[in-house]
Amino acid sequence: MPKLPYSFYQQEDVISLAKQLLGKKLFTLINGELTGGIIVETEAYNGIIDKASHAYNGRFTPRTSTMYKTGGISYVYLCYGIHHLFNVVTGVEGSPHAVLIRGLEPTDGLSTMFKRRNMQSLAPKITAGPGALAKALGIDKNLNAKDLLGDEVWIEDVKTKYRNTQIIASPRVGVAYAQDNALLPWRFYIKGSQFVSKPNS
DNA sequence: TACGGGATCGTCT
DNA sequence: GACGATCCCGTAG
């Protein structure tokens, strides 16, 4: 399948884009090991007006500078000192929009994922949750600010789209501190998928 | 099954 | 010097 083009990532509406990413396939190729799967859960972070975003109110630091670049690159950062979280930078240069990938249905490189996750057999927890899927795909800070049309990390288009009725919109996870923005329904996931990070219905 | 807390460190104040 | 866009394991019921 072809990689998603820059024109996809440079769409203005990050909310719509987060929904469109459901059903696409995310891959990494690290040290010759290919791993990947179908995206089943995302969250949109909507630029400088979004209190849950690292770039809220135009905050620009060495870490967040990646978010301000042109859509079509990765944004990886460390959370709670332990977990790497993988985001897609979207929009035009100067607009710090991003989509957090939170859930993945593994399809490629299962044995490599087992090894990285220290697991023996397939269980949802292997890639359910942003920290878990990053570890399964071998994602760490070295994959920050990578071109998503390169050969280390990329997203492929997929013909079979989910129907709208299979997509649930809900509040984002872990952003209670964002006050009046905390309840915005900017988390999207596939209804009933086992690889979504929280109970779904 | 459900809940609670510890792990662990880069980033910004 | 405090705190997370989290995960995992222990304990209890």
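All values below were derived from every heavy atom in this structure, side-chain atoms included, with hydrogens, water molecules and symmetry-related copies excluded. Letters go in sequence order (proteins before strands), and every chain restarts at 1.
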Please report the shortest heavy-atom distance between [X] and [Y], naming the atom on each side.
{"X": "A:Tyr45", "Y": "A:Glu43", "answer": "OH-OE1, 2.7 Å"}
{"X": "A:Asn181", "Y": "A:Ile49", "answer": "ND2-O, 3.3 Å"}
{"X": "A:Asn87", "Y": "A:Tyr77", "answer": "ND2-CE2, 3.6 Å"}
{"X": "A:Ile155", "Y": "A:Lys24", "answer": "CG2-CB, 3.6 Å"}
{"X": "A:Leu104", "Y": "A:Phe195", "answer": "O-CB, 3.1 Å"}
{"X": "A:Val88", "Y": "A:Leu148", "answer": "CG1-CD1, 3.7 Å"}

Considering only heavy atoms, which members of [range] lie under 4.0 Å from some atom of DNA chain B?
{"range": "residues 113-141 of chain A", "result": "A:Lys141"}
{"range": "residues 85-102 of chain A", "result": "none"}
{"range": "residues 59-84 of chain A", "result": "A:Arg59, A:Thr61, A:Pro62, A:Arg63, A:Leu78, A:Tyr80, A:Gly81, A:Ile82"}

In dot-bracket notation, what is the pairing pattern of DNA chain C, taking Watson-Crick (N1-N3 plus N6-O4 or O6-N4) and G-U wobble (N1-O2 and O6-N3) contacts under 3.5 Å, with [ ] crossing and | for other strands?
||||.|||||||.
Between A:Ser197 and A:Glu41, is any side-chain donor less than 3.5 angstrom from a side-chain acceptor?
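A:Ser197 vs A:Glu41: donor-acceptor pair found between side chains.
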If you draw a 6.0 Å radius around NZ in A:Lys3, do more than 12 non-hydrogen atoms from other residues or ligands fall strictly inside?
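Result for NZ/A:Lys3: enclosed.
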Under 4.0 Å from a heavy atom of chain A: give me the 5'-most and 3'-most nucleotides of DNA chain C that qualify.
C:dG4 to C:dC8
Ignoring hydrogens and geometry, is there a side-chain-to-backbone donor-acceptor pair from [X] to [Y] under 3.5 Å?
{"X": "A:Arg117", "Y": "A:Thr127", "result": "no"}
{"X": "A:Asp140", "Y": "A:Asn142", "result": "yes"}
{"X": "A:Thr28", "Y": "A:Leu137", "result": "yes"}
{"X": "A:Ser95", "Y": "A:His97", "result": "no"}
{"X": "A:Arg172", "Y": "A:Leu184", "result": "no"}
{"X": "A:Gln10", "Y": "A:Ser7", "result": "no"}

Give the C-alpha distance, both sets of side-chain angles, the deciding distance and a yes or no for side-chain contact (heavy atoms from CB on, under 4.5 Å) between A:Lys25 and A:Met1.
CA-CA 9 Å; A:Lys25 293 184 74 175; A:Met1 290 294 186; 5.9 Å; no
For the pair A:Trp154 and A:Phe27, name the ring-plane relationship: parallel under 30°, tilted 30 to 60°, perpendicular over 60°.
parallel
Selection: residues 172-182 of chain A, any non-hydrogen atom under 4.0 Å of DNA chain C
A:Val173, A:Gly174, A:Val175, A:Tyr177
Got A:Ser65 and A:Phe60 here, is their nearest side-chain heavy-atom distance under 4.5 Å?
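Touching, per the 4.5 Å side-chain cut-off.
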